[in-house]
Amino acid sequence: MRLVVAMTGATGAVLGIRLLEVLGQLGVETHLVLSEWARATIKIETDFSVQQVRDLATQAYSARDLAAAVSSGSFGTDGMVVCPCSMKTLSAIRIGFSDNLITRAADVTLKEHRKLVLVAREAPLSEIHLDNMHYLARAGAVIFPPTVAYYSRPRSVQEVTDHVVGRVVDQLGIEHSLINRWKGARHPSSTGEADLAIVRATK
C-alpha cells in the first residue's frame with residue numbers, strides 16, 4: 001500500500017508522527033509533505049527534530065515542491081491523510097486552491113476518487129468551518145476530528161494518541177491491533193445501579 005501523509009501547522013503534531021510510525025510498522029509506503037508551520041509545530045510540541053520526522057517516511061517532500069511525484073494523478077496511491085489538518089488547509093482543499101504540495105496532492109486525491117482523510121483540528125468550530133467540512137464530506141473526503149474515546153479509559157496521552165491514530169488507520173482499511181475495540185457494555189442491574197450512578201455524578 002502507498003499513502004500520502006501531510007502535516008500542517010495545526011496543534012497535534014504528535015498525531016501525524018505517530019501515524020507515520022504505525023504505518024511504517026505495518027509496511028505501508030508513505031510519502032510525507034510537511035508545511036512550513038508543521039515544521040514549527042513539531043519543534044514546539046514534540047522532542048522530535050524535523051529530520052527525524054522526515055526519516056519516518058519512505059519519501060519526504062517540501063510543501064513548495066509542486067513538481068513532486070504526488071502532485072500528479074498518474075502517480076498511483078491508495079489515498080491521503082492530512083494529520084493534523086488546519087482550517088486554512090481544509091478551506092484551500094475545499095475550493096481547489098492548490099498553491100502548495102499538500103493542497104495539490106489533496107486535490108489529486110479527490111479528483112482520482114481516492115480516499116482522503118482530514119484530521120481536522122480546531123475547537124470550537126465556526127459556521128465557516130462547518131460549511132467547509134460539510135462541502136468536503138459531500139465531495140468524498142472523510143472528516144475526522146481527533147476526539148477522545150473515554151470508553152477505553154485512557155491512562156496517558158500516549159493511549160489517547162494511539163486510539164485516534166488507530167481509528168484513522170481504520171479509515172484506510174488497514175488491519176492493526178493498536179486499540180482496544182468496543183465490545184459492548186453490561187446493562188445495569190435492576191437494583192437501581194443506573195440511578196445511583198446519576199446521583200453520584202450530580203453530587
### From CA spacing to verdict: side chain to side chain contact (heavy atoms under 4.5 Å, CB included), Phe144, Val168
CA-CA 8 Å; Phe144 194 104; Val168 170; 3.8 Å; yes

### Message
Between Val70 and Tyr61, is the side chain to side chain contact (heavy atoms under 4.5 Å, CB included) condition met? List the steps.
### Response
CA-CA 9 Å; Val70 297; Tyr61 311 89; 4.1 Å; yes

### Task
Go through the steps to decide whether His31 and Glu29 satisfy the test side-chain hydrogen bond (donor to acceptor under 3.5 Å, both in side chains), and finish with yes or no.
CA-CA 7 Å; His31 291 256; Glu29 179 183 329; 2.7 Å; yes

### Message
Quick one, Leu101 with Ser71, criterion side chain to side chain contact (heavy atoms under 4.5 Å, CB included). Give me CA distance, side-chain angles, the key distance, then yes/no.
### Response
CA-CA 6 Å; Leu101 188 56; Ser71 68; 3.7 Å; yes

### Residues Arg104, Asp99; criterion salt bridge (Lys or Arg N to Asp or Glu O under 4.0 Å); working and verdict
CA-CA 7 Å; Arg104 171 57 186 170; Asp99 68 329; over 6 Å; no

### Query
Yes or no on side-chain hydrogen bond (donor to acceptor under 3.5 Å, both in side chains) for Glu159 and Ser152, after CA distance, side-chain angles and deciding distance?
CA-CA 9 Å; Glu159 289 186 6; Ser152 62; over 6 Å; no

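Without hydrogens or angle criteria, Lys115 side chain to Gln171 main chain gives a donor-acceptor distance under 3.5 Å. One N or O on the side chain of Thr8 and one on the backbone of Pro84 form a donor-acceptor pair closer than 3.5 Å. Although no hydrogens or angles enter the test, the distance criterion places no donor-acceptor pair under 3.5 Å between the side chain of Arg54 and the main chain of Val33. Not a single donor-acceptor pair under 3.5 Å links the side chain of Thr46 to the backbone N or O of Val14. Using a distance-only test at 3.5 Å, with no hydrogens or angles considered, no donor-acceptor pair links the side chain of Thr41 to the main chain of Thr11. Formation of a donor-acceptor pair under 3.5 Å by the Ser91 side chain with backbone atoms of Lys88 is found in this model.
Taking the side chain as every heavy atom from C-beta outward, Asp107 and Thr109 never approach each other to under 4.5 Å. Considering only heavy atoms from C-beta on, His163 stays 4.5 Å or farther from Val148 through its side chain. Between Phe75 and Arg2 there is a side-chain heavy-atom pair separated by less than 4.5 Å. Val142 is not listed as a side-chain neighbour of Leu116, based on a closest heavy-atom distance of 4.5 Å or more. With contacts defined as side-chain heavy-atom distances shorter than 4.5 Å, the pair Leu56/Gln52 does not qualify. Residues Met133 and Glu122 fail the side-chain proximity criterion, which asks for heavy atoms closer than 4.5 Å. Side-chain contact check for Val81 versus Val4: every heavy-atom pair is 4.5 Å or farther apart. Counting heavy atoms from C-beta on, the side chains of Leu3 and Met1 come closer than 4.5 Å.
Residue Val82 is not grouped with residue Leu15 when hydrophobic side chains (ILVMFWY) are merged at heavy-atom distances under 4.5 angstrom, including chains of intermediate members. Under a hydrophobic clustering in which Ile, Leu, Val, Met, Phe, Trp and Tyr are joined whenever their side-chain heavy atoms come within less than 4.5 Å, directly or via other members, Trp37 and Ile44 fall into different clusters. By the criterion of side-chain heavy atoms lying less than 4.5 angstrom apart, applied directly or through intervening Ile, Leu, Val, Met, Phe, Trp or Tyr residues, Ile179 is grouped together with Val119 in one hydrophobic cluster. Linking ILVMFWY residues whenever their side-chain heavy atoms come closer than 4.5 Å, directly or via other members, places Leu26 and Val164 in the same cluster. Under a hydrophobic clustering in which Ile, Leu, Val, Met, Phe, Trp and Tyr are joined whenever their side-chain heavy atoms come within less than 4.5 Å, directly or via other members, Val5 and Leu136 fall into different clusters.
Residue-environment remark: NZ (Lys43) stays at or below the threshold of 12 foreign heavy atoms within 6.0 Å. Within a 6.0 Å sphere centred on OH of Tyr151, heavy atoms belonging to other residues, nucleotides or ligands number more than 12. With a 6.0 Å radius and a threshold of 12 heavy atoms from other residues, nucleotides or ligands, Gln51 has its CD atom above the threshold. Annotation for Glu175: atom CD does not count as buried by contact number, only 12 or fewer foreign heavy atoms lying within 6.0 Å. Within 6.0 Å of OH on Tyr135 lie no more than 12 heavy atoms contributed by other residues, nucleotides or ligands. Around the NE2 atom of His176, the shell of radius 6.0 Å holds more than 12 heavy atoms that belong to other residues, nucleotides or ligands. For Arg114, the CZ atom counts as densely surrounded, since its 6.0 Å shell holds more than 12 non-hydrogen atoms of other residues, nucleotides or ligands. Annotation: Arg138, atom CZ; neighbour count of heavy atoms from other residues, nucleotides and ligands within 6.0 Å is above 12.
Under the salt bridge (charged side-chain N to carboxylate O under 4.0 Å, His left out) criterion, Arg18 pairs with Glu21, Asp162, not counting sequence neighbours.
When every heavy atom of Pro154 is checked against every heavy atom of Ala149, the shortest pair comes out as CD-O, 3.7 Å. Residues Pro146 and Arg121 come closest through the heavy atom pair CG-CD, 3.8 Å. Counting all heavy atoms, side chain and backbone alike, Ala63 lies closest to Asn100 at O-CB, 3.3 Å. Taking each heavy atom of Thr103 and Ala92 in turn, the nearest pair found is CG2-CB, 3.6 Å. The minimum heavy-atom distance between Leu32 and Ala57, with the atom names listed, is CB-CB, 3.5 Å. Taking all atoms of both residues into account, the shortest heavy-atom contact from Ile102 to Leu34 is CD1-C, 4.4 Å.
The side-chain contact (heavy atoms from CB on, under 4.5 Å) test with Ile174 is passed by exactly one of Leu23, Val22, Asp78: Leu23. Leu19 pairs with exactly one of Val28, Val169, Thr161 by the side-chain contact (heavy atoms from CB on, under 4.5 Å) rule, that one being Val169.
Residues Glu36 and Arg64 are paired through a salt bridge, judged by an N-O separation under 4.0 Å between the basic side chain and the carboxylate.
Interatomic distance, CD1 of Ile95 versus CG of Leu90, reported as 11.0 Å (0.5 Å rounding). The structure places SG of Cys83 at 7.5 Å from CE of Met7, a figure rounded to the nearest 0.5 Å. To the nearest 0.5 Å, atoms CE (Met80) and CG (Leu118) are separated by 8.0 Å. Distance CE/Met87 to CG/Asn132: 8.5 Å, rounded to 0.5 Å.
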